[in-house]
Colleague: 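Quick one: this structure, given as C-alpha cells, is what I'll be asking you about.
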Protein chains: 2
Amino acid sequence: MIVSHMAKHDPGLSLLFHALADPTRRSILMGLAERPARVTDLSAPTGFSLPTVMRHLSVLEEAGLITTAKDGRVRTCAIVPGALAPVQTWLDEQRSLWEARLGRLDAFATKAMKKGSQ
Amino acid sequence: MIVSHMAKHDPGLSLLFHALADPTRRSILMGLAERPARVTDLSAPTGFSLPTVMRHLSVLEEAGLITTAKDGRVRTCAIVPGALAPVQTWLDEQRSLWEARLGRLDAFATKAMKKGSQ
DNA sequence: CTAACAGTTAGCCAATCAGCAAAGTTTTTC
DNA sequence: GAAAAACTTTGCTGATTGGCTAACTGTTAG
C-alpha cells in the first residue's frame with residue numbers, strides 16, 4: 001500500500017505558512033536576516049509594544065524559523081538557516097504537479113486540434 | 001530616495017501564505033492539481049460540509065490560487081498556474097539574504113580563527 | 001410540474017489572533 | 001542597595017477562523 005504523496009496534514013508546514021502570513025513577522029525575519037538582534041531592537045522600528053513583538057517571536061520560534069537565547073537580561077534572536085527548506089520542498093512538489101497537469105492539458109488540446117480540425 | 005527592498009507589507013503575500021497555512025486548503029489544492037473539480041467533488045473526500053468547503057474555496061480564490069466558474073448549477077474549480085510565483089520570489093529573496101548573512105559569519109569566523117590562533 | 005441536485009446564504013459557536021496596558025521578574029549599573 | 005534596563009506574565013479587547021446546521025435559490029431530470 002503506497003502512501004508516498006498522501007502527505008496527510010503536515011503540522012510543520014502549517015506552522016511555517018502561518019508564521020509567514022503576517023507582515024510584521026516577515027519584516028522581523030528580514031531584519032534578522034541582516035544580523036541577530038535583541039527583542040527591544042526589533043520592537044523599536046516596528047512601533048509595536050514589547051509584548052506584541054514577543055508574541056510574534058514565539059510564533060516564529062515555534063515554527064522553527066528563529067532561535068532565541070537569553071544571556072543575562074538580554075534575549076538575542078537569530079534566524080535558523082535551513083528553516084525555509086520544507087516550504088521550498090512543498091513549492092517544488094506543487095510546481096511539478098501543476099506542470100504535469102498543464103502537460104496533460106497541452107496533450108489534450110493538441111489531440112483536440114488534430115481531431116476537430118474544422 | 002531608494003526604497004528598493006523596503007517592500008513594506010505586501011498584502012498579496014499575506015493572503016497567499018494565509019491560504020496555504022491550512023491543511024484542508026492545501027489538500028484541496030493537491031486535488032485540483034490533478035484535475036479541475038466541482039465543489040461537491042471536493043467536499044466528499046474531505047468529509048467536510050459543503051459550506052465549509054465553499055469557505056476554503058473562497059479563501060483560495062481571493063488569494064488568486066484558484067479560479068472558479070459556474071455553468072448551470074455546477075461550479076467548477078481549477079488551479080491558477082502562476083499563482084505561486086510570488087511565494088517563490090519571496091523565498092528566493094530570503095534565501096539570498098540569509099546566505100549573505102552566513103557568508104559574513106564565515107568571514108568573521110575565519111578572521112577570528114586567524115587572529116586568535118592560540 | 002415536481003423532485004432531486006448543486007450550490008449558496010444566514011446565523012451560530014468555540015478557538016485563535018493581534019494588539020494593548022499594567023504589573024511582575026531578573027539582571028546590571030551606579 | 002536603589003534604580004534603571006530588558007524582558008515576561010497577565011489579562012483585557014475586538015476581529016477573524018474554521019467548523020456546523022438549517023433554510024434558501026436556482027437548474028436539471030423524470
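A note on names: the letters A, B, ... follow the listed sequences, proteins ahead of strands, and every chain is numbered from 1.
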Colleague: Taking the nucleotide of DNA chain C with the closest heavy atom to each, which residue, A:Asp22 or A:Asp71, is nearer the 5' end?
Modeller: A:Asp22
Colleague: Using whole Å, report how far CG of A:Leu60 lies from P of C:dC17.
Modeller: 13 Å
Colleague: Compare side-chain N and O positions of A:Lys70 against OP1 and OP2 of D:dT8 and report whether any pair is under 4.0 Å apart.
Modeller: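 For A:Lys70, the contact criterion (side-chain N or O under 4.0 Å from OP1 or OP2 of D:dT8) is met.
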Colleague: Whole-Å distance between C:dC17 C1' and A:Leu15 CG?
Modeller: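 Nearest whole value for this atom pair: 14 Å.
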Colleague: Taking only side-chain N and O atoms of A:Thr52, does any of them lie within less than 4.0 angstrom of OP1 or OP2 on C:dC20?
Modeller: yes
Colleague: Can you measure A:Arg75 atom CZ to D:dC7 atom P for me and round it to whole angstrom units?
Modeller: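 In whole Å, D:dC7 P lies 9 Å from A:Arg75 CZ.
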Colleague: State whether the number of non-hydrogen atoms from other residues, nucleotides or ligands found under 6.0 Å of B:Arg55 atom CZ is greater than 12.
Modeller: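 No - once you tally the heavy atoms of other residues, nucleotides and ligands closer than 6.0 Å, there are 12 at most.
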Colleague: Tell me: CE of B:Met54 to P of D:dA22, nearest whole Å?
Modeller: 19 Å
Colleague: For A:Arg38, report the nucleic acid contact type (base, sugar-phosphate, nothing); a contact means any heavy atom under 4.0 Å.
Modeller: sugar-phosphate
Colleague: Output the distance between atom CG (B:Leu29) and atom CG (B:Leu42), rounded to the nearest 0.5 Å.
Modeller: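 These two atoms lie 10.0 Å from each other.
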Colleague: Think B:Arg55 has a side-chain N or O under 4.0 angstrom from the OP1 or OP2 of C:dT9?
Modeller: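 So the side-chain polar atoms of B:Arg55 never come under 4.0 Å of the phosphate oxygens OP1 or OP2 of C:dT9.
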Colleague: Consider the side chain of B:Leu50, meaning its heavy atoms from C-beta on, and name the nucleotide among C:dT8, C:dC20, D:dC7 that approaches it most closely.
Modeller: C:dT8
Colleague: Side-chain N or O of A:His18 versus OP1/OP2 of C:dC17: is the shortest distance under 4.0 Å?
Modeller: yes
Colleague: What is the nucleic acid contact for B:Ser49, judged by heavy atoms within less than 4.0 Å: base, sugar-phosphate only, or nothing?
Modeller: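 Contact class for B:Ser49: base.
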Colleague: What's the closest nucleotide to the A:Arg25 side chain, out of C:dT9, C:dA18, C:dC20?
Modeller: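 Among the listed nucleotides, the one closest to the side chain of A:Arg25 is C:dA18.
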Colleague: To the nearest Å, give me how far apart CZ (B:Phe48) and P (D:dG18) are.
Modeller: 11 Å
Colleague: Minimum heavy-atom separation for B:Gln88 and A:Arg95, please, with both atom names.
Modeller: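 That closest heavy-atom pairing would be OE1-NH1, 4.0 Å.
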Colleague: Just how far, in rounded Å, is P of D:dG18 from CG of B:Leu57?
Modeller: 13 Å
Colleague: Return no unless some side-chain N or O of A:His56 is found under 4.0 Å from OP1 or OP2 of C:dG19.
Modeller: yes
Colleague: Quick one: closest heavy-atom pair of B:Leu32 and B:Cys77, and the distance?
Modeller: CD2-O, 3.5 Å
Colleague: Of all the heavy-atom pairs spanning A:Asp10 and B:Arg26, show the shortest one and how long it is.
Modeller: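 Of all heavy-atom pairs spanning A:Asp10 and B:Arg26, the closest is O-NH2, 3.1 Å.
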Colleague: Looking at C:dC5, does its base get a donor-acceptor pair with the side chain of B:Arg73 below 3.5 Å?
Modeller: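 Yes, the side chain and the base share a sub-3.5 Å donor-acceptor pair.
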Colleague: Using whole Å, report how far CZ of B:Phe17 lies from C1' of D:dT17.
Modeller: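 Taking atom C1' of D:dT17 as the reference, CZ of B:Phe17 is at 19 Å.
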